[in-house]
Amino acid sequence: MVVDLVQALVKTSHIMVPTSTPSSAAPIPTVVPDLPEYQHAGHSGKTALWVVFVIMIISSITFVGMSWRVPVSKRLYYVITTLITIFASLSYFAMATGHGVSYNHVRVRHSHNHVPDTFHDVYRQVFWARYVGWSLTTPLIIIDLGLLAGLSGAHLLIAIIADVIMTLAGMFAAFGSEGTPQKWGWYAIGCISYLVVVWHLAINGRAQAKAKGSKVGQFFVAITAFTIIVWTVYPIVWGIASGARKMSVDCEIIAYAVLDILAIVVFGLWLLLTHAKMPETSLDLGGFWSNGVSREGTLRLGDDDA
Ligand code: RET
């Protein structure tokens, strides 16, 4: 409903360029009012959002089922991976129901010889819930890979922060104006942050994983290479879709849908199934993770009297 309202408001807000009323027989200047262009999701895009929402829910249920087969002390990868698909489900639900969507208004200038410049208004839908979702899912993917490699806390923290900057920069870029450094400036900041993430995973992560043994090393290299290849397609899609507006909103939704399924569902299944077969990847977490805060050493009622 909100989307319909916005569309109605946007549709009535264009400025008509007045045509002149000639007093003599001079030729009438043909100044045709330039109608704004609306780029928004159609039937195929909306259907794709619902389909991916259902896929993410089924994946979450599957990952929860898989986690129940192992003791709590060995569930860290399962919990993180399930949270990824749960966050993705929430983000797709928001987008499919019309929440988390807004319009970016861009005024495109056209220069002509002998006549003043003209402007063309473009309103393109931005699914900002997507970026909110990514800012939660992508750090969790990095944590999964960092734990697998045995990455140090310092490197993991930097990779996570760079990743959050990357997704936020992508969102600012999607709402940025053209003709100023705003839009492509944010995009460049996002790309630099992405290189920081790749550096930590591919260089530091790989070295750490190799030190954990050849089996873990090989698996880490394979799953991280897959991740980096899939992730690198995102900024390319962004550049063509939100950036250059050469891709329809429907194609954009479908492209990200395929990428999200690869980056989350295929990634998650591969990680959890391999982890279950490879004891070297185990993280045995006792203590607080499995048992909660120990009762010993805590204050009990009546202690003051002692
Ligand atoms: C943006 C634009 C700014 C530059 C870069 C980008 C990269 C996005 C990536 C997204 C990955 C998303 C995943 C989601 C899973 O739920 C923000 C498009 C580099 C890599 C894996």
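In each ligand, atom 1 is the first atom listed, and ligand 1 is the first ligand listed. Just so you know, residue 1 is the first one in the sequence shown, and it goes up from there.
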Trp231-Tyr234 aromatic ring centre distance below 6.0 Å: no

Every residue of the protein that comes under 4.0 Å of ligand 1, judged on heavy atoms: Trp134, Thr137, Thr138, Met166, Gly170, Tyr187, Gly190, Cys191, Tyr194, Trp231, Tyr234, Pro235, Trp238, Asp260, Ala263, Ile264

Ring geometry between Tyr131 and Trp134 (parallel below 30°, tilted from 30 to 60°, perpendicular above 60°): perpendicular

Backbone N/O of Pro235 and side chain of Tyr187: donor-acceptor pair under 3.5 Å: yes

N-O pairing of Glu252 and Arg124 below 4.0 Å: yes

Plane angle bin for Tyr38 and His40 - parallel if under 30°, tilted between 30 and 60°, otherwise perpendicular: tilted

Passing candidate, side-chain hydrogen bond (donor to acceptor under 3.5 Å, both in side chains) with Tyr194, options Thr232, Asp163, Thr138: Thr232

